[in-house]
Amino acid sequence: MKLNHINLAVTDVNETREFLETYCNLQTRNIHKDSFAILVDEDRLLLALTKSKHVSYPNSFHIGFEQESEEQVNEINRHLKKDGFDVKPPKRAHRWTFYVKAPGGFYIEIFS
């Protein structure tokens, strides 16, 4: 059995979609106005975004994007900081990792 898709409710579909394209290497497959988008990765995972007025994920909820190296994690962190996102530097926890709050109301973990 393989995880095939995830649907996330977000407050702003287009802003979230653009964030995921820019920092998480996802590609948009389909958009329906500002209410729905489908993104895919190179392993064929499908991430659907659905517009919701109110989004409330539990504090521990997040999705993770694994990188091939610690330097890739560092580079994404620098890119986010340069673009004005409030991110802490990566640190050694369970892996070389950091978290960022994505537009739309959920957290993303970038790790190696």
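Note that the structure is predicted; figures quoted are calculated from it, not measured.
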Exercise. Determine, step by step, whether Y99 and I110 satisfy the side-chain contact (heavy atoms from CB on, under 4.5 Å) criterion, reporting the C-alpha distance in whole Å, the side-chain angles of both residues, the deciding distance to 0.1 Å, and the verdict.
Key: CA-CA 6 Å; Y99 293 83; I110 306 292; over 6 Å; no
Practice problem: Using the test side-chain hydrogen bond (donor to acceptor under 3.5 Å, both in side chains), find all partners of S35 that sit at least two apart in sequence or belong to another chain. | Solution: none
Quiz item: Looking at residues at least two apart in the chain, or sitting in another chain, which of them share a side chain to side chain contact (heavy atoms under 4.5 Å, CB included) with S52?
Solution: A9, V55
Practice problem: Take L39 and L49 through the side-chain contact (heavy atoms from CB on, under 4.5 Å) test and state the conclusion after the steps. | Solution: CA-CA 8 Å; L39 296 96; L49 303 174; 3.6 Å; yes
Practice problem: Enter the distance from N25:CG to Q67:CD here, rounded to the nearest 0.5 Å. | Solution: 8.5 Å
Self-check item: Nearest-0.5 Å distance that lies between atom CD in E68 and atom OG in S112
Solution: 9.0 Å
Quiz item: Taking all non-hydrogen atoms of both residues, which atom of Y57 and which atom of G105 are closest, and how far apart?
Solution: CD1-O, 3.4 Å
Self-check item: E18: side-chain hydrogen bond (donor to acceptor under 3.5 Å, both in side chains) partners, not counting sequence neighbours
Solution: none
Practice problem: State which residues pass side chain to side chain contact (heavy atoms under 4.5 Å, CB included) with E66; sequence neighbours excluded, sorted by chain then number. | Solution: R95, F111
Quiz item: If you measure only the distance, is there a donor-acceptor pair under 3.5 Å linking the side chains of E21 and T28?
Solution: yes
Quiz item: Transitively linked via ILVMFWY side-chain contacts under 4.5 Å: V40 with I63?
Solution: no
Self-check item: By side-chain hydrogen bond (donor to acceptor under 3.5 Å, both in side chains) - contacts of N74 (at least two apart)
Solution: W96
Self-check item: Check: K51 side chain, T11 main-chain N or O, donor-acceptor pair, under 3.5 Å
Solution: yes
Quiz item: Is there a side-chain contact (heavy atoms from CB on, under 4.5 Å) between I31 and I38 once you walk through the steps?
Solution: CA-CA 6 Å; I31 301 172; I38 295 175; over 6 Å; no
Just distance, no hydrogens or angles: give the donor-acceptor pairs under 3.5 Å from side chains in residues 41-48, sequence neighbours left out.
residue	atom	partner	partner atom	Å
D41	OD1	D43	N	2.9
D41	OD1	R44	N	3.0
D41	OD1	L45	N	2.8

Quiz prompt | Residues in salt bridge (Lys or Arg N to Asp or Glu O under 4.0 Å) contact with E109, at least two apart in sequence or another chain | solution = none
Quiz item: Heavy-atom count around Y107 OH within 6.0 Å, excluding the residue itself: above 12?
Solution: no
Quiz item: Are more than 12 heavy atoms from other residues, nucleotides or ligands located less than 6.0 Å from atom CZ of R29?
Solution: no
Quiz item: Between atom CD1 of I76 and atom OG1 of T22, what is the distance when rounded to the nearest 0.5 Å?
Solution: 11.5 Å
Exercise. Hey, could you give me each pair passing ring-ring contact (aromatic ring centres under 6.0 Å, His included) that has a residue in residues 31-52? Not counting sequence neighbours.
Key: none
Quiz item: Within a radius of less than 6.0 Å around NE2 of H54, do more than 12 heavy atoms belonging to other residues, nucleotides or ligands occur?
Solution: no
Quiz item: Listed by chain and number, what are the side chain to side chain contact (heavy atoms under 4.5 Å, CB included) partners of K81, not counting sequence neighbours?
Solution: N77, V87, P89
Quiz item: Checking E75 side chain against E71 main chain: does a donor-acceptor pair fall under 3.5 Å?
Solution: no
Exercise. Please report the C-alpha distance between F65 and L20 in whole Å, then the side-chain angles of each, then the deciding distance to 0.1 Å, and finally whether the side-chain contact (heavy atoms from CB on, under 4.5 Å) criterion is met.
Key: CA-CA 10 Å; F65 289 93; L20 292 166; 4.3 Å; yes
Exercise. Name all residues meeting the side chain to side chain contact (heavy atoms under 4.5 Å, CB included) criterion together with D83; count only those two or more places apart in sequence or in a different chain, and write none if there are none.
Key: Y23, H79, F85
Self-check item: Any D12 side-chain heavy atom under 4.5 Å of P103 side chain
Solution: no
Self-check item: salt bridge (Lys or Arg N to Asp or Glu O under 4.0 Å) partners of E70, counting only residues at least two apart
Solution: R92
Exercise. State which residues pass salt bridge (Lys or Arg N to Asp or Glu O under 4.0 Å) with E15; sequence neighbours excluded, sorted by chain then number.
Key: none
